[in-house]
Structure formats: C-alpha cells, structure tokens
Amino acid sequence: MSAASTAVQPVNGTNNASGKLSAREKKWIIYDVGNSAFVLLSTAVIPIYAKSLMPADGNIVSAWGYAQTIASLIIALLMPLLGSIADVQGMKIKFFLGFFGTGVVMCCAMALPLTWLPFLIIYVLATIGLNGSLTFYDSMLIDTTTNDRMDKVSSHGYGWGYVGSTVPFIVCIALIFGGPALFDWSTVACTRASFVITAIWWVAFTIPLITSYRQVHYRATRDHAREAIRGTFTELGSTFGKIVKNKPLWMFMIAFFFYIDAVNTVISMSTSYGTQLGIDSTQLVVALLVTQFVAFPCAILYGRLAGRFGCKPMITAAVVAYMGIVFFATFFLKSAVEFWILAILVGMFQGGIQALSRSYYGKIIPKDHANEYYGFYDIFGKTASILGTFLVATTTSLTGNASFGVLSIAILLVVALVFLFLQKDPTKTEE
C-alpha cells in the first residue's frame, strides 16, 4: 500500500479556546441531543416494555444483560476494521449514515407487535446502529474544531445531549401514563408510539450534522479508495503497533478502560440497587431525570475548567469524585433522599468525565488515522461495560450483600488512578 498522506486544511471557526461556538461546532453538538433520546429511553422504558413481553417466569435481568453484551462485543470487534476504512477520504460520513440509518429504522421497528425475543434482537440491532454512529461521530470532533477547543465543544455536546434528551423522554412518559385516558389507547400502544417519537427526534437533530460535515483529516489515496481498503488489515496491525510503542497513549487507554467501566457500572446498576433497597420506582425515574438536568451545566462547566486547569487533571479529579460516590452509595444510601443525593452527585461528574475523555483522546492521536484509533478506543469503552457489572454481581453473590458489591467498583477506580498518575501528559509538551 502506498504511503498515506494527510490533509492539512484549517477547520473553520475561531482558534480561541474561550470563543463562541461556531456554526459547524453547534451542528456537531446537537447530534448528541438527537441520539441521547434513544439512550435515555433505553435506560428507563425499553427494559420495562421488554419485561412485559416475556413470560411470567422470564428473567429480564439476564436477557437484558446478554442483549447489551452482544451489542457491545459486535461494536468492539467491528469498529477498528471499519474505522480504518473510514479514514479514507469521503468514507467517514458514509459509515456514519449507515449506522445512524440502521439505528433509526430499528428504533421504529421496535414499535411492531413482536414477542420478546424478536424485540430484543431488533433492540440489539438498534443499539449497534447507535454505538456505531457514535464512534464515527466522536472522530468527527477533530474535523469540526481545533485542539484547544475540543474540551469545550465535547463538553457542550454531552451537556446539551443530557438536557435535550429529557424533552422527548418527558413527552413519551406523559404519553405512556396519560395516553390511555386521553386518547383511549392501550399502554402498550402508547409505549410503541414512544419508540417512533424517539426515532423522529433522533433524525431531526441529525440533519444539521450530515448537511454540514466536511472531513478535514483523512488518509488520502491516489485514485481509488479500493487501494486503501485492500491494505486495511495491514493498517490495523501498524496502528496497534504504534499504540503499543506510544506509552502515554496506551497508559491512558488502560486508565480509561477501568474508570469508564466504573462510571458505566454506577449508571447501569444504580436503578437496580435502588430497587433492591426498596426505593419507589417513581422516585427512581424522577431521580434519573434530575441526573440529566444536573449533568447539563456541569458538563459545560467541566469543559471550561479543563481550559484553565488542563484536561487530564480534571479527568483525574472526576475519578477521585467517583471514589467518593461509590463510598457514599455503599455506606450512606438507605432511602429515597440519599438516592436523590446520589443522582445529583453522579450528574455533576458523569458528563464531564465522558466529554473530556473523548476530547483528550482526540488530542493525543494522529488526526489522519482518527477513525481507526477511535475504533480501538471503542473496544476499551464497550468491553469496559462488562467487567464492572460482573464484578458487582459476583461480589454480591459471594458476600450476600449488595453494598459490598457496589464497593467493589472502587477497585476499578484505584487501578485507573494509578495509570493516570504514572502517565506523562502528551498535551503538556505541545503547549
């Protein structure tokens, strides 16, 4: 394969890290508003609906866990390969549209009258579409803005995604609870309608991105993309070798693996843990909404603080904060009041650590192989969704105490902190 060349074109917009968001940055940001609606629905509504489709003796916890695991593994295996191909000029938007389209169509298909197994299969396909589109969306950040603005733009994406997703979610919840009396629809019909509403919202907030996006960084080819595609596996091996030789990069990726696993575990297990403690389901749903609203300003604030104190120090601070959250959940969470406090604490740091991880990674990787590197990033992010929940479940089973299960999350955070402290920050040498 011929040596790859890099497009070095300026990104439109200001280079001032504290300047106003440009039009291109805003259009990139609002895709988070669109896709986050499906993420929130998947957290609160879809598992309950899937349970209603199952026989009385069906176990939704294990079925849902298997569905999430399958979707995560497929994405983790596909993304490095497809990401390498997408680094070719003009290919990134095509892959994004393919996965986005799959997610939206499958989201609508969930509204069909299905039994529980076909429904879960369609949900897995929708999740693959969502997470696949997010890999290419994340890598679009380097084409949308400059290094010194990545923290701010990424944080705004997560922030607006959190608060924006609550709009269709509230509409869907109102329809599910009020629709039967207002429209004389069944609860099942109202729930199915919520899937279509979410898909429409997702499409509406994606149109600005796909009509304005321009790939700035890419692996250029002489005449045919086929030449680059033919050498994809060689490129993957080469990229993996470069990651291994780049000590600051692989040390961050390992730290990311452990701390994002802890973050995902806290998010995914909080509702079931609250249920185990006997907290009312309505309180749990409202607390989930509170988390979204708190995460909005805090994610944006985190981006500003990163501009002042540095991206890595703010990530490290969030990991330490999650240590405190885990200890609070273990030793103090007993009632709905404490669960609300937990929701607020999670909201304060959840968006910030996710946003800064995305932007920090974008700063320390080669721009012309961004999709390929984000593919490996996705492996660490998706497979990390498995270890923490397994650790909590196993510890709980062995001790018979759910609190000890939650406390085991601290192990992941300690490992992450060790690698963060040992890693030399590459962005410091750039400045």
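FYI, side chains are in, hydrogens and waters are out, and symmetry mates aren't considered; it's all heavy atoms of this structure.
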Enquirer: Residues in ring-ring contact (aromatic ring centres under 6.0 Å, His included) with Tyr137, at least two apart?
Expert: Trp28, Tyr31

Enquirer: Which residue pairs pass the side-chain hydrogen bond (donor to acceptor under 3.5 Å, both in side chains) test when at least one of the two sits in residues 344-357, sequence neighbours left out?
Expert: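 Every side-chain hydrogen bond (donor to acceptor under 3.5 Å, both in side chains) pair that includes a residue of residues 344-357, provided the two are not neighbours, is Tyr162-Gln350, Tyr162-Gln354, Tyr259-Ser357.
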
Enquirer: Mind checking side chain to side chain contact (heavy atoms under 4.5 Å, CB included) for Ala174 and listing every partner two or more places apart, or none if nothing turns up?
Expert: none

Enquirer: Restricting to side-chain hydrogen bond (donor to acceptor under 3.5 Å, both in side chains), what partner residues turn up for Ser155, sequence neighbours left out?
Expert: none

Enquirer: Table please: side-chain donor-acceptor pairs of residues 298-315 below 3.5 Å, with sequence neighbours left out.
Expert:
| residue | atom | partner | partner atom | Å |
| --- | --- | --- | --- | --- |
| Tyr302 | OH | Met314 | O | 3.1 |
| Tyr302 | OH | Ala318 | N | 3.4 |
| Lys312 | NZ | Leu420 | O | 2.6 |
| Lys312 | NZ | Gln423 | O | 2.5 |
| Lys312 | NZ | Gln423 | OE1 | 3.2 |

Enquirer: Side chains of Thr144 and Glu25: is there a donor and an acceptor less than 3.5 Å apart?
Expert: no

Enquirer: Could you list the residues that satisfy ring-ring contact (aromatic ring centres under 6.0 Å, His included) with Phe38, not counting sequence neighbours?
Expert: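 Counting only residues at least two positions away or on another chain, Phe38 forms a ring-ring contact (aromatic ring centres under 6.0 Å, His included) with Trp202.
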
Enquirer: According to side chain to side chain contact (heavy atoms under 4.5 Å, CB included), who are the partners of Ser212, at least two apart in sequence or on a separate chain?
Expert: Lys27

Enquirer: Phe252: what forms a ring-ring contact (aromatic ring centres under 6.0 Å, His included) with it, not counting sequence neighbours?
Expert: Tyr360

Enquirer: Side chain to side chain contact (heavy atoms under 4.5 Å, CB included) with Pro118: which residues, sequence neighbours excluded?
Expert: Leu114, Thr115

Enquirer: Assess whether salt bridge (Lys or Arg N to Asp or Glu O under 4.0 Å) is satisfied between Arg358 and Asp151, documenting all intermediate values.
Expert: CA-CA 8 Å; Arg358 175 168 64 184; Asp151 296 335; over 6 Å; no

Enquirer: Quick one: side chain to side chain contact (heavy atoms under 4.5 Å, CB included) partners of Ala321, sequence neighbours excluded?
Expert: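 Scan of Ala321 (side chain to side chain contact (heavy atoms under 4.5 Å, CB included), adjacent residues dropped) gives Phe349.
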
Enquirer: Using the ring-ring contact (aromatic ring centres under 6.0 Å, His included) definition, which of the options Phe96, Phe100, Phe95, Tyr213 pairs with Phe136?
Expert: Phe95

Enquirer: What residues form a ring-ring contact (aromatic ring centres under 6.0 Å, His included) with Phe419, not counting sequence neighbours?
Expert: none

Enquirer: What pairs of residues pass the salt bridge (charged side-chain N to carboxylate O under 4.0 Å, His left out) test when at least one of them lies in residues 122-137, not counting sequence neighbours?
Expert: none

